[in-house]
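To start, the structure itself, in structure tokens.
Here the structure is a predicted model, which means the values were calculated and not measured. Order of the sequence lines fixes the chain letters, A, B, ..., with proteins taken first and strands second; residue numbering starts at 1 for each chain. No hydrogens, no waters, no symmetry mates; every other heavy atom, side chains included, goes into these values.
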Amino acid sequence: MIVLFTDFGLAGPYTGQVMAVLHREALDIPVVSLFADAPSARPKPSSYLLAAYSAWFPAGTVLLCVVDPGVGSARRAVVAEADGRLYVGPDNGLFDIVMRRAAAARLWEIAWRPGSLSASFHGRDLFAPVAARLAAGETIAALARPAQDESAARAWPDDFAEIVYVDHYGNAMTGLRGAVVPPAARLIAGARKIEPAATFSAVPPGEAFWYVNSNGLAEIAVNGTRADAALGLEIGSPVGIDA
Amino acid sequence: MIVLFTDFGLAGPYTGQVMAVLHREALDIPVVSLFADAPSARPKPSSYLLAAYSAWFPAGTVLLCVVDPGVGSARRAVVAEADGRLYVGPDNGLFDIVMRRAAAARLWEIAWRPGSLSASFHGRDLFAPVAARLAAGETIAALARPAQDESAARAWPDDFAEIVYVDHYGNAMTGLRGAVVPPAARLIAGARKIEPAATFSAVPPGEAFWYVNSNGLAEIAVNGTRADAALGLEIGSPVGIDA
Amino acid sequence: MIVLFTDFGLAGPYTGQVMAVLHREALDIPVVSLFADAPSARPKPSSYLLAAYSAWFPAGTVLLCVVDPGVGSARRAVVAEADGRLYVGPDNGLFDIVMRRAAAARLWEIAWRPGSLSASFHGRDLFAPVAARLAAGETIAALARPAQDESAARAWPDDFAEIVYVDHYGNAMTGLRGAVVPPAARLIAGARKIEPAATFSAVPPGEAFWYVNSNGLAEIAVNGTRADAALGLEIGSPVGIDA
């Protein structure tokens with residue numbers, strides 16, 4: 001399976017062109033868009049989101065990941081190999097957290113180049129063909145060479161005490177794994193102290209609560225309304241732990 | 001074919017994870033998202049929308065339907081069998097209208113449970129695997145047991161005199177089947193009396209009109225602009241018939 | 001491959017129903033949505049957008065194109081054959097630019113009719129079955145008859161000096177092919193003179209620039225923020241060339 005994690009949007013032309021390349025090059029392999037609204041041009045929150053959500057997919061999955069403020073600049077094009085999954089995309093930190101959490105990880109720099117490479121759409125011209133070839137069974141070594149991991153220079157923390165995503169319902173995901181927050185702790189966000197609860201139905205309408213979401217991140221919601229609007233949260237809002 | 005009717009949105013992680021489960025479990029069966037923006041957390045308008053739109057699909061279709069304010073609470077997980085279609089989802093009224101309008105209908109409670117069930121994402125963990133298995137040919141009886149239909153307690157009307165959906169163009173669908181509105185009647189909505197017309201080109205620019213849409217619902221539009229903005233309509237706005 | 005170019009949106013019921021028809025009628029042919037947010041009900045900007053983006057697809061591609069303010073009125077249903085691609089949709093100018101730029105082009109009027117044709121959803125009932133049959137190998141002549149090209153009456157220019165699309169990031173595409181703008185010229189838009197640049201990283205944060213996008217259109221962006229908001233641009237905003 002090929003999984004897309006991008007900030008391309010679905011309605012406009014970007015995801016469609018990438019899908020067209022994948023279908024052409026890897027005919028019978030299913031393609032699923034996991035996120036088309038990853039934090040736009042922000043690799044840091046995206047990195048925590050990707051680590052939480054890609055862990056759910058089985059080994060062998062190829063993830064095509066593009067959140068790339070520097071397209072057209074000198075940043076490397078890479079494949080991160082982590083716990084049997086292959087992540088294809090720009091070397092801007094997007095794969096730092098995935099690699100750090102893996103039992104086994106290796107970074108490769110993509111050496112393959114397409115016949116024609118646009119300045120602004122490497123997702124279509126470079127990353128999609130590489131992802132398709134990997135999904136179709138080509139070896140990484142045929143497309144890339146071992147590369148130095150430069151994540152140490154970024155030194156991003158193991159967990160990220162900020163909002164990293166606001167979903168369709170207005171629920172606000174943090175970059176904190178549920179497992180690092182004491183179960184009875186309160187989260188501090190939007191100038192409020194927020195108690196934990198197991199489900200929406202466990203709190204009164206209008207009340208904020210936090211819980212560990214279905215992919216393992218601590219997430220803030222309000223029963224019956226949008227948490228982002230009610231609490232003034234957006235990607236980048238700080239989150240504290242009141243243990 | 002597997003058809004999705006949800007309030008999950010397409011861009012975020014929910015539809016993608018459900019698609020991944022369906023592709024894994026029911027490899028060669030096409031999956032189509034019919035609505036990913038059904039009335040959010042509102043089973044009642046969703047029920048009328050689902051009844052109108054699912055009737056267009058052939059017998060044998062499996063519909064995975066999730067509009068579920070009570071995820072994690074005690075509501076049952078069910079399969080509604082209605083006129084040869086199978087609807088998989090929560091027992092919160094979402095299938096009431098489909099079942100009432102069917103020549104033959106039967107309700108089943110899902111007995112199958114996955115190895116791991118998250119508190120907040122039954123769509124992925126429970127309903128999607130069940131839908132995939134049914135689409136792949138497993139019998140309902142292998143996954144569920146006959147259940148009592150509890151729709152009488154809700155006693156929702158046969159047709160629903162409210163706006164149940166506002167589409168991408170701003171057209172406002174009512175919960176009234178076109179067949180129950182006299183063809184020459186005016187609809188009352190947004191404090192206006194709205195005349196019927198056959199097509200957009202039959203009325204002057206800026207004028208509101210109603211018609212029977214391509215799935216049989218009475219729908220309100222304004223030629224050349226968004227009806228929701230022009231008339232102040234949203235999901236839940238009341239609609240009257242001036243016959 | 002079947003490619004969708006519409007103003008239907010993805011989340012609501014329209015694209016899903018079209019997908020269902022295509023999967024049913026052309027089982028194993030991949031379907032890709034290129035644009036589901038083409039300029040709503042505006043065939044003129046859509047025509048330039050379609051010409052730029054469809055040129056990227058190989059000969060043999062069938063494009064199902066619906067941007068149709070006149071659905072239900074007397075406009076013809078057509079197939080435009082242009083450089084080996086087949087465009088199926090309404091005859092309202094949407095294919096004028098594609099046909100004008102083609103080395104070889106021919107217009108056909110669709111003669112085939114479905115058993116049941118709704119007044120408001122020709123995309124599902126007429127255009128999708130025709131597109132599916134063409135993709136599955138039926139000849140155009142079996143479904144349509146040669147038709148007179150009436151684009152001369154519209155007399156749209158070769159390039160269109162307006163904004164024709166604003167993408168997910170807020171970048172504003174013009175209807176000007178990059179090749180017709182002198183490389184050092186400034187574009188005039190939103191009452192500003194905008195210099196060319198090769199990539200985002202070549203200009204300071206907050207600065208506007210224009211470039212030739214990955215499908216050949218002159219496009220306006222601002223490094224680090226949305227160009228539409230920063231410059232007050234929307235579909236239909238005029239664009240000038242200061243050569």
Over 12 foreign heavy atoms within 6.0 Å of CZ, A/Arg192 | no

Closest approach of B/Arg124 to A/Trp56 (non-hydrogen atoms, all atoms of both residues) | CD-CZ2, 3.3 Å

For A/Val32 and B/Met19 the tightest heavy-atom approach is CG2-CB, 4.1 Å

Which portion of A/Phe5 sits near chain B, non-hydrogen atoms under 4.5 angstrom = neither

Report the option among A/Tyr53, A/Phe8, A/Tyr211 that has the most heavy-atom pairs separated by less than 4.5 Å from atoms of chain B.
-> A/Tyr53

B/Asp7 versus chain A, heavy atoms under 4.5 Å apart: side chain, backbone, both or neither?
-> both

Region of A/Phe35 in contact with chain B, defined by heavy-atom distances below 4.5 Å = both

Could you tell me which of A/Ala202, A/Ala38, A/Ser214, A/Gly9 has the largest number of non-hydrogen atom pairs under 4.5 Å with chain B?
-> A/Ser214

Among B/Ser116, B/Ala41, B/Pro13, who wins on heavy-atom pairs under 4.5 Å with chain A?
-> B/Pro13

Taking all heavy atoms of B/His23 and all of A/Pro30, pick out the closest pair and write down the distance.
-> CG-CB, 4.0 Å

For the atom pair CG (A/Asn215) and CZ (B/Phe121), what is the distance rounded to the nearest 0.5 Å?
-> 8.0 Å

Hey, does the side chain of B/Tyr14 reach the backbone of A/Leu34 with a donor-acceptor pair shorter than 3.5 angstrom?
-> no

Shortest non-hydrogen pair, A/Tyr169 vs B/Ser40, comes out as CD2-OG, 3.6 Å

The interface call for A/Thr199 against chain B, heavy-atom contacts under 4.5 Å, is side chain

Residues in side-chain contact (heavy atoms from CB on, under 4.5 Å) contact with B/Ala80, at least two apart in sequence or another chain | B/Tyr87, B/Phe95, B/Met99, B/Leu107

Side chain to side chain, A/Phe200 and B/Ser120, heavy atoms closer than 4.5 Å | no

Neighbour count >12 (heavy atoms, 6.0 Å) for atom CD, A/Glu234 | no

For the atom pair OG1 (B/Thr15) and NE2 (A/His168), what is the distance rounded to the nearest 0.5 Å?
-> 8.0 Å

Locate the shortest heavy-atom distance separating A/Phe57 from B/Ala20; write the atom from each residue and the value.
-> CE2-CB, 3.6 Å

